[in-house]
Amino acid sequence: MPPRKRRKLDQKPKTKSSSKTSSLGNKDTPTYSHWLMKSEPETRIEKGVDVKFGITELKAEPNQTACWDGVRNYQARNFMRDQMKVGHKAFFYHSNCKEPGIAGIVEIVKESYPDHTQFDSKDIHFDSSSKKDNPKWFMVDVKFVRMMKRFIPLSELKALHLKHKSRGGALQNMFLLTRPRLSVQPRSLTSSSVWRVRRIESSVPMQGLPHQALF
């Protein structure tokens with residue numbers, strides 16, 4: 001489930017929590033530097049709370065920055081906790097809406113720290129099993145960078161994925177289409193060469209991929 005972002009930001013220095021247990025000690029664990037992060041741009045009420053938070057809401061936040069709270073999937077948490085670094089870029093993806101797709105680009109401006117919503121019994125993301133001295137869930141802060149030159153719908157990404165899957169191409173292993181339930185995900189399952197995803201946003205929809213890298 002895409003998280004709801006809050007205006008509350010931790011103003012403490014960018015330090016890592018000593019309670020973390022990183023998965024990066026495994027030499028077989030791939031590392032990433034480009035991401036896709038999902039959130040819901042349309043109203044949806046959960047336990048009396050509207051979880052709506054699209055890229056327009058991020059732009060309206062102070063300094064166009066918000067914490068990415070509410071992630072309750074272990075793999076998505078591990079990506080944020082262990083691999084997201086200040087300066088990394090991410091696609092802001094609109095999910096669970098009439099037309100899902102990539103709406104813009106954000107930047108990681110603060111590395112992982114404990115998600116405060118896990119300790120708030122009134123919050124929809126409260127986790128009674130998580131303790132402050134050993135937090136289970138983490139979040140990062142993201143800042144709006146820009147809107148896409150055009151909205152890239154999921155339907156177009158799916159069509160390109162199928163084309164690349166059959167012929168070989170940059171989108172053949174895209175996490176969005178191979179692991180669609182993850183709300184925080186790297187741009188691909190493969191090596192750094194796959195980061196050469198072409199500038200789809202500058203192309204005519206479904207007319208192929210131009211030759212400039214997106215980031």
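Nothing fancy with the numbering, it's 1 onward along the sequence.
- With sequence neighbours excluded, the residues that form a side chain to side chain donor-acceptor pair (under 3.5 Å) with Thr43 are Asp50.
- Residues Glu40 and Ser95 have side chains in contact (heavy-atom distance under 4.5 Å, counting atoms from C-beta outward).
- Among all heavy-atom pairs drawn from Ser130 and Trp137, the shortest one is OG-N, 4.5 Å.
- The hydrophobic cluster containing Tyr93 does not contain Phe151, counting ILVMFWY residues as joined when their side-chain heavy atoms lie under 4.5 angstrom apart, directly or transitively.
- Note on Ile102 and Val145: same hydrophobic cluster, where clusters join Ile, Leu, Val, Met, Phe, Trp and Tyr whose side-chain heavy atoms are under 4.5 Å apart, directly or indirectly.
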Met84 vs Val184, side chain to side chain contact (heavy atoms under 4.5 Å, CB included): CA-CA, chis, key distance, verdict: CA-CA 10 Å; Met84 281 190 172; Val184 175; 3.5 Å; yes
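- Here the closest heavy-atom approach between residue Ser39 and residue Phe92 is recorded as CB-CZ, 3.9 Å.
- For the pair Pro153 and Glu99, the tightest heavy-atom approach, listed with the atom from each and the gap, is CB-OE2, 3.7 Å.
- No donor-acceptor distance shorter than 3.5 angstrom exists from the side chain of Gln64 to the backbone of Lys143, with no hydrogens or angles considered.
- Partner of His125 under the side chain to side chain contact (heavy atoms under 4.5 Å, CB included) criterion, chosen from Val51, Val71, Thr117, Val49: Thr117.
- A 4.5 Å side-chain heavy-atom check between Phe144 and Lys59 finds at least one atom pair inside the cut-off.
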Intermediate values then yes/no, side chain to side chain contact (heavy atoms under 4.5 Å, CB included), Phe91 and Ile105: CA-CA 5 Å; Phe91 290 131; Ile105 295 173; 4.2 Å; yes
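- Here the closest heavy-atom approach between residue Ala103 and residue His94 is recorded as CB-CE1, 3.6 Å.
- Minimum heavy-atom separation, Met139 to Pro114: CE-O, 3.7 Å.
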Verdict with supporting geometry, Glu107 and Lys89, side chain to side chain contact (heavy atoms under 4.5 Å, CB included): CA-CA 4 Å; Glu107 180 177 351; Lys89 298 295 196 305; 4.0 Å; yes
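- Summarising the geometry of Glu57 relative to Gly54, their closest heavy-atom pair is OE1-N, 2.6 Å, with the distance given to 0.1 Å.
- Going from atom CG of Asn96 over to atom NZ of Lys38 covers 10.0 Å, rounded to the nearest 0.5 Å.
- With hydrophobic clusters built from ILVMFWY side chains whose heavy atoms lie under 4.5 angstrom apart, Met80 does not share a cluster with Phe119.
- Side chain of Gln118 to backbone of Lys136: a donor-acceptor contact under 3.5 angstrom is found.
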Evaluation steps, side chain to side chain contact (heavy atoms under 4.5 Å, CB included), between Tyr113 and Asp141: CA-CA 9 Å; Tyr113 59 103; Asp141 289 352; 2.6 Å; yes
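- The closest donor-acceptor contact from the side chain of Asp115 to the backbone of Gly70 lies under 3.5 Å.
- Under a 4.0 Å N-O distance rule, the pair Arg72/Asp127 does not qualify as a salt bridge.
- Within the 4.5 Å cutoff, the side chain of Met37 has heavy atoms near those of the Ile108 side chain.
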